[in-house]
Structure formats: C-alpha cells, structure tokens
A.B. asks: 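So that we are looking at the same thing, I have put the structure below in structure tokens.
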Amino acid sequence: MAPTTKRELLPGTLDMLILKTLGAQSMHGYGIAQHLLRMSHEVIRVEEGSLYPALQRMRQKGWIKAEWRQTPNNQRARYYTITAAGRRQLGAQQAGFAELVTAIGRIMDPA
Amino acid sequence: MREWLARLRDWFRRDALDGELAEEMRFHQAQLERDARVDGAVGGEAAYVARRRIGNVTLAREEARDRWSVPWLDHLQQDVRYAWRGLRRSPGFTTTVVATLALGLGANVTMFGIVDRLMFRPLPYLRDPAQVHRVYLQTTIEGRTRTNSTIPYTRYLDLQKGTTAFSDYATVTERPMAIGVGDAAREQLVAGVSGTFFSFFDARPAIGRFFNSDEDRVPVGSFVVVLGHSFWQSELGGRDVVGKVLQVGTLPYTIIGVVPPGFVGAAIDRTPAAFIPITTVPANDELWTKDTYFTSYSWDWTSVIVRQKPAVSDVAASADLTAAFIRSRAAQKLINPAVLPPEKAHPRAIAGAVKPAAGPDASLESKTLLWVTGVAVIVLLIACANVTNLMFARVLRRRREIAVRLALGVSRPRLALQFIIEGVMLALLGCVAAIAIAQWGGAALRAILGGEGAGVSVVTDWRTLAVACAFALVTGLLTAVGPSLLAIRGDLAGTLRAGAREGTYQRSTLRSSLLIAQGALSVVLLVGAGLFVRSLDRVKTMRLGYDAEAVLIATPNYRGLQMDTIVRVASRRQLLETAEAIPGVVAAAIVGSRPFGTNTTDLFVPGIDSVPKLGRFNFQRATPGYFKTMGTRIIRGRSFTAQDRENTPGVVVVSDAMARVLWPGQDPIGQCVHIGVHSDTKPCSTVIGVAENAMQQNLTDDQQFMYYVPVEQLYPSGGGDVYVRIAGGDPAASAESVRRALQRVMPGQGYVTVQSLESVIDNQRRSWMVGAAMFVAFGVLALMVAAVGLYGVITYDVAQRLHELGVRIALGAQASDIIRLVVGQGVSFAVVGAAIGLGIALAAARWIQPLLFKQPARDPITYASVAVLIVLVAILASALPAFRATRADPNTALRSD
C-alpha cells in the first residue's frame, strides 16, 4: 500500500464528515474511519484519538445516538446513528462549507 | 442546556462509559489486526501494526473522558468524601453535632408539620385557595367581642342574598352521626354540605357523582349520600356501592358517589365518612328545628365558605358581608325584638381564613401552638450557637493541619468551601435524624392534641420534608460560615512555627457571646416552661363548681326512633332509674347538656330592660339529682325536687354570680324570671335556690351566669345525657358496667356511649396542657443543649490552659483554687446569660400573658427558680473539666515545648 501524506483536516470538518457518513447508514467507529479513508482515496486518515472524543461530543449534543449491536461477523460493536437534530446540523454545516469552499476557490483561482 | 443535561447524566454513569469506550477501542484494534493479517502480517506483527495504526489510545481515552467529567462536580465529590472521612475520624464531635442539630431540627419539623396542617396548608383539591374564605361574624357588645364561625342557616341565606362580592357560596356543618344499622353501626364524622359545596373543589368523584343544588333544597333535600374515600375503602371494601342504601343518622340515604382519595371537604385534620345535603341534617337530627331552621336565627350550626369574584379585595369582601350582616340582623329583629341595634352591637363580618385556627376566632390552643413553634425556632438557634461553637473549637484544633494544607497550595476559597460542605453534611445528617424524631414526636404531640391524625406521616409528606431540608441547609450554612472564615484567616507561617502549645491562651469573645446567648435563650424558655406549668397547676386545682373526678356521662342515642313525648319521657325515666340502681352509683341525673356545651335562650327579668346587655346567661336542664351528682353546692334555698313537674309552678336555681348581677343587694330567693323565646310572654319561674358558681361555658368564663331548671319544665321532650356519680376514686373502671346496664334498657337500635366528665374538662384544659408539655420539653432540651455547650467550651478552655494551670500548680495553687477558677468561669457565663434571659422574659411577658391561666407572667418565684437552676447547671457542667484541671501535671506542662 502506498504511503499517503497525512493531511490536516480543516477545523470542524470532522463532525460534518462523520455526520455525512452516518447519514447513509449506521456504523461503528472503525467502520466510520474505514469509510472516510476509502472515500477520500486514503487521504483522510482519522486518528482514533480524534474520532472517539468527537463521537462522544456529538452524542452529548444529541446529533447522534449510540447503541451496542452485533456485527455481521457476530461481534459486539457500538453503532452510531444520526438523529433528526444531526441531520439538521449536517445540512447547516454542509451549506456553510460549500460557501467557504467557493469563496476560497475564488481567491485561489481568480478566473 | 440539553448538552449540559447529557453531560450530567454521563457524569453519573461515567464508570460504565469508560468501560464501553475501552471495549469499543478493543474492537477497533481487533479490526485493524484483522486488516493487517489480510495484508500479510503474521503473528505478533499484526498486533504491532494495529497498535501503531490506532495511535495514542490513552490520549483518546483521556479526551473522550473529558466529555463526561464536570470539574466542579468532581471537586464537590472529592470534598464530600474528604469531609466524610474527617467526620468519621472524630466520632465524638460528629455525634454531638448531629444529635444537637437533630433535636433542634426535629423540634421544628414536628411543629411545622402540625401548625402547617392546622393553619396554612390549603384544603386538598380546593381550586384557587387564595380566593376562598370562611365567613366570621363578630359583635361587640359593651366592649365584649364575640366572634362566630358557626351561624344560623337563615343567616347564610341572608348573606347569600345580600352580597355581590362573591361568585360562590357554600355552607357546611360537621357532626358525629351513626352510620349503618344494628351492631355494625358506628359513630362517624358526617359533613352536611350545601349542593354548591363540591364546585369549590377540583375534585372528580372516585365513582358515581356528587349531589347538586337541586338535591339540596329547603325545607328538606334529597336523602342522597356521597361517601368519604377511606370510609368506602375500609367499611365497604371499595366495591361499587352506587345506588345502595346506607343508614346515616336516623334515616336511610341512597349512595350516589364516592369522593376522591384525600378529599376532606372543609374539615381540618379529620376525614368525614360521608357527605349529605345540609338541608337533610335538621330532619335527620331529631331536632325541633326541622321546620324552622331556614327562618329562625336561634341555632348556630353552619359554617359559610365563599369564593370572591376575581377583582374583589378582601377588605371590600368583608365590607359587603358586614352590610348584609346588618340587614340580616334587622330581619332577625322583626322576629325577636331583643336583638340589639347596630350602634349597640357593632356587628362586623370578616372574610377570613378557611382554616379556623388561622382565622379571627382562633382558639387558645392554636395560639399556644404558634408560640410553641416560635419556641422550637429558639431551640434551633440554641443548637446552632452550640454547633458553631463546637466547630470553632474544631477549627482551632486543626489549625496546624490547615496551615499545612494551605502551604501545600490548597486555595483559601476551596478550603473555606470544604468547611461549609462539612457543616452542610452535618446538618443533613442531623436532618435525617430529625425526620425520625418528628415522625415520633408528631405522633406523640397529636396524641395530646386529640384529633384524628391517623395516616399523617412526616416521611411521606413532601411539604414537611422540603421544609426540613431547607431548614437543614440554612442551619448548615449558618453554623459553618463563621468557622470557615476563621479557618482561612489564620497566619500560616506563625501557626507552623508555633509548637504544640499553639500560642498563648486567649478566649474568643465571639465564642463567649455564643455561649451567653445560649444561656439567655434557655432561660427565656425555662421561664416560659415554669409559667405554663404553674398555670396548668392553677387550672387543675381551680374549683370548677363541681367535682368532676367521679362523674361519668352516658349519652343515649335513639337513632331516630320516632317517640312521642310520653314514650320519650318514660324512656328517660327508665334510664335514670336504671342508672340509680347500678351498684357503685351514688347519684344520677338526666342533664340537658354538657359542661362547656350549655345553651342560652332569651331571659326576661322584671325590672331589667335588657338582660343580654349584662352578659351571656346559660341554662342547664336537669333532674333533681343534678346537684348531688355533680357535687355543685347549693348555697342558699333548695334544689328542685321530683315534685317540680311540667304542670307545677316553674322553679329555677341560679348561680351566685347571676344572683348578684340581677338582684344586687336583694334576696334572690322568690324573685321571678321568664325563660324561653318570647320570654316576656312566658309564665314566671320562681328562684328557689342559689348554687355556687360553676364553669359551664369555658374555663376562663369570668361571668358564670348560670341557671338550672327542671327538665320537665323546659323542653320536656328534649333529650339529655345520664350523669352518674361513682363511689370510690376510679370512674373509668365502672364505665363499661354503666354502659352495659343502660344499653339493656335502650329501645330499638339505640345505643349508649360513656365518657368521663374529666375527659370533657381535659379538652378545655388542652391549650394549657399543650403549652406546659411543649414548653417543658423544649425548655429542658434547651437547657441540656446549653449545658453540653458550656461543658464543651470549658473543657476546651481547660485543655488550652493546661500549661498555665500547670504553672499555677507549680507555684503552689491548691486544687480548690483551680476548681474555683474554672467553675467561676462557667458560672460567670451563666450569670450573664441568666440576666439577659430574664430581661427578655420580662419584656415578652405581656405577650404571653393571654395564654396563661390566671397566672401572672412576671411571677418572681418562677424567675428566681430558673435563675438558680441555670447557675446550678453551669456549676455541674464545669465541675468535670475543673476536676480534670486539678490533675494538670506541672512537670509535663513545664517540660513540653
């Protein structure tokens, strides 16, 4: 496997990425990390040290719910599910982020 | 906000969350290991790769854990643990403080529970209690004010018609009535209420329905009954009884519903077994008032409850009622010309508290209870002073420890907080014990007070519990703030440098003041206790005008048996003859009413234009044996005899006081009085004798205007109790044989209840009994607490002065000198405290005077005894530390640093 350069995420984007991931389906922590890695073509490698505190924070904010379930391989894992509040949060963050990216694009690439 | 709640919830289950997180990370690591093996790693290499991939596990855990930690909560928990360990290390201190606070708080929780129930707590289910009042009617005649909360039904109708300030009116009467038939019949509290009554409450019937105004009509309402919930449960098993017939009093009623649990109507501290339309009560009660109760004003029996319209003030409501009351009296004057005009009677109506104990004619008993509550607060203050003192001593003892902790970097606010937490914890521990005390004390006090009280429990009463906790918190803060400030003010370096001797001995003025305050307050309470005890003694030794000890009262209840006058008189005579034949009975009589329940009627005396202006004249109907049975002495003339009958000329025996006021300076024997409604048209009754004065209205009655007439000459068909005098000292032992003998001759389903005259009088003595019992209990409590406090302070002082005392002994001081020194210090506290306390008691005397029975509130003997007592206790409390001081070893004292 080709080593990838480690990229720092923009502050606040981790929450959005997790919410987006969980928007498709409920997932455990490892699944979220793998999903982000795969979808970003191995650019975004979330450290467990950031992932789990973020999950706890988002749970306390009421954006996601956690429950223990069996994996397809019959192992016990904690699955996270997005809540209605989480979806609203995702919508807001996504809009804000899109705006930000466009703005940055205008500066970096003045056409 | 929501996030904080989530954090708080997480904080409480943080250990579980830690575990879950650990498991989650193990799973993550296992997955990474599997991935590594798929990529070709073997054995330990897979685990290594996984560990490297997962990064800093500990850091992740720490950061996640931060999410469920709440720093101040963690600190609080630490402090509570620390305080708990500290308290367990000094069990003597902890026990003393907790016990002291438990007694102080317990006294207050007990009193709160009782006074709140009696006066302040709104009636259960009552809608919008602030707008609901009970009506009190007042007249002031010749400077003598009488307040009544029970009034004639006719008056209720007048007030209802004559006022506009109220949206709802209801009237209610509560009385014991027999419920059921045959052997199952029991006397129960029954409430007669108007059809409008239930609309005052937000209550839905547990089953069935309530009655309404259509079923509560003048002259006779429908015979329907709504059952009390607990009666329904205990007597009828909670079955569906709607439509069944129940005998209430003398008549059958149809059950139409059951009130919800806890519903008591307007009853205070008692639960009615049944509610019936008030317009069925006169018909039920074998009373001659049944056809006149809604037109005459001669029967005070109903209480009026009103709901003000929203915009009406209490003052306006009372003014409206007063105007209606005056008009009602004018209507009454048309029937009875003896009614005094407004300018003579000063009629006034008050929309007052629903609970009579908080109303304008509050009984002496409830006033006494309020005072006792004040006393309980004083006991708590004494306890607080004591605990504060103990805490000061503890802070001083721990000075070195505190200095070390400060030196190690504990912040001063945090340190102060720790002391406050310790104080609050002690108070809360005391509170738990106090609730136990209140549970027990409340039951004991209610036993003295009489009344129902069953099912009243402090532990399940959130209102009392909340107050207990609030009291405890305030107490904890109050006692701990001072000592905690002292703790953090200390000079750190100085304390650390000083040796075990802890600097020179100095007595803190604050601590001395606390001690003196305790002494002074105890003296106040003890003076109160002394006054109440002497007052009770006077009540008990006072000549009542009869010898109550050996007298039993048997009350026949005919249960509505319809009897004409001849049968009734025959039955009465049979009861009397049976009573006279009971072994051990030396005298017996039929008596119209009980002491303190005597009646009044119109009285006309030739030559006096208004007898009512002179005062209230009560009459007693009786058979000739009355004076012998009661032990009331005839001073002049004779008593009536069996020869004074319905068809012979009227005779009357008057009390000494009555004779003096009606015929001053003349011979009362042979004078003429006219008795009864429209008395001026009644034939003359001749005064044949003068009896000694007797307490027939209440124990403080200073008029004692009383007259006695033969049963057969006044309301010959009316009822009466059988009074018997028992030979020997113990009437209680004969009560059952009297009941059985009389029961045998009762017609139909009638039954007989027996009580002692003494118990009737005890009801009247209750306020002084309660006052004496509570003041003594609290006074002794206060004295004990103060004595323990003094002992503690002197002991501490002696310990502090051990060095100095050792030097004194080395210099040749005798044991007696040392004892005099130490005891003298204790006594000086007591003397100063006593002086202040006696001063306060003297100042408060005029407020407590009305509660006492013919006992001057500035009684020198009481004051002097209390002063002596407090000094004696001070000597005792300081003697033990004084003896310990004499054993101070000069060698140790001088050799130590």
Side-chain angles (χ1 to χ4, degrees), chain A residues 1-4 6 8-9 14-15 18 21-22 26-38 42 44-81 83-86 88-89, chain B residues 1-41 45-71 73-74:
Chain A
M1 188 198 279
T4 44
K6 200 173 152 186
E8 291 286 335
L9 277 174
L14 179 59
D15 288 4
I18 293 175
T21 310
L22 293 177
S26 302
M27 237 175 251
H28 44 66
Y30 169 79
I32 296 170
Q34 289 302 109
H35 180 86
L36 292 180
L37 195 63
R38 208 166 50 242
E42 313 225 334
I44 297 177
R45 184 184 292 276
V46 183
E47 285 272 337
E48 284 67 24
S50 334
L51 177 64
Y52 286 99
L55 285 171
Q56 291 305 329
R57 193 180 61 243
M58 290 161 73
R59 182 177 59 77
Q60 284 178 338
K61 283 186 192 292
W63 295 343
I64 56 174
K65 284 184 311 192
E67 62 183 330
W68 290 90
R69 267 192 244 156
Q70 299 295 330
T71 65
N73 300 335
N74 227 13
Q75 280 167 299
R76 219 168 88 86
R78 180 143 68 171
Y79 278 78
Y80 295 90
T81 312
T83 65
R88 277 197 299 278
Q89 177 67 20
Chain B
M1 183 62 205
R2 220 187 105 186
E3 191 185 346
W4 270 102
L5 277 180
R7 284 191 85 147
L8 203 62
R9 210 168 46 232
D10 287 352
W11 183 78
F12 278 109
R13 50 189 195 105
R14 58 196 185 282
D15 288 343
L17 286 173
D18 276 347
E20 289 190 357
L21 183 68
E23 186 179 348
E24 192 173 24
M25 310 243 329
R26 267 199 306 280
F27 171 77
H28 196 123
Q29 195 165 359
Q31 295 302 313
L32 289 177
E33 261 183 64
R34 198 199 55 190
D35 289 353
R37 270 197 295 277
V38 170
D39 286 348
E45 206 187 341
Y48 169 73
V49 171
R51 253 203 307 281
R52 213 189 50 203
R53 282 262 188 91
I54 201 165
N56 193 336
V57 177
T58 321
L59 184 70
R61 263 198 216 161
E62 284 295 326
E63 283 191 8
R65 217 179 264 165
D66 273 350
R67 295 304 303 174
W68 47 75
S69 94
V70 184
L73 216 50
D74 289 337

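Heavy atoms only: backbone and side chains are in, while hydrogens, waters and symmetry mates are out. Labels below follow one simple rule: chain letters A, B, ... track the order of the sequence lines, proteins then strands, and each chain is numbered from 1.
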A.B. asks: Please find the pair of heavy atoms, one from Q60(A) and one from A6(B), that lie closest to each other, and give the distance.
C.D. replies: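 Here Q60(A) and A6(B) meet closest at O-CB, 3.5 Å.
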A.B. asks: Is chain B contacted by the side chain of R59(A), its backbone, both, or neither, given a heavy-atom distance below 4.5 Å?
C.D. replies: side chain
A.B. asks: Holding to ring-ring contact (aromatic ring centres under 6.0 Å, His included), I want the full list of residues that pass it with Y80(A), two or more places apart in sequence or in another chain.
C.D. replies: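 Scan of Y80(A) (ring-ring contact (aromatic ring centres under 6.0 Å, His included), adjacent residues dropped) gives none.
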A.B. asks: When rounded to the nearest 0.5 angstrom, what distance separates CD in E24(B) from CG in L51(A)?
C.D. replies: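 Atom-to-atom, E24(B):CD and L51(A):CG are 8.0 Å apart.
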A.B. asks: Which atoms of T71(A) are under 4.5 Å from chain B, going by heavy atoms: the side chain, the backbone, both sets, or neither?
C.D. replies: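 The side chain, not the backbone.
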A.B. asks: Show the nearest heavy-atom pair for residues H28(B) and Y52(A), with the distance to one decimal.
C.D. replies: ND1-OH, 2.7 Å
A.B. asks: Against chain B, label A66(A) side chain, backbone, both or neither, depending on which of its atoms sit under 4.5 Å from a heavy atom there.
C.D. replies: neither
A.B. asks: Could you check whether any side-chain heavy atom of Q34(A) comes within less than 4.5 Å of a side-chain heavy atom of Q31(B), counting everything from C-beta outward?
C.D. replies: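 Not touching, per the 4.5 Å side-chain cut-off.
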A.B. asks: Quick check on the structure: residues of residues 15-23 of chain B within a heavy-atom distance below 4.5 Å of chain A, by number.
C.D. replies: L17(B), E20(B), L21(B), E23(B)
A.B. asks: At a heavy-atom distance under 4.5 Å, which candidate from R9(B), R7(B), R26(B) has the highest pair count against chain A?
C.D. replies: R7(B)
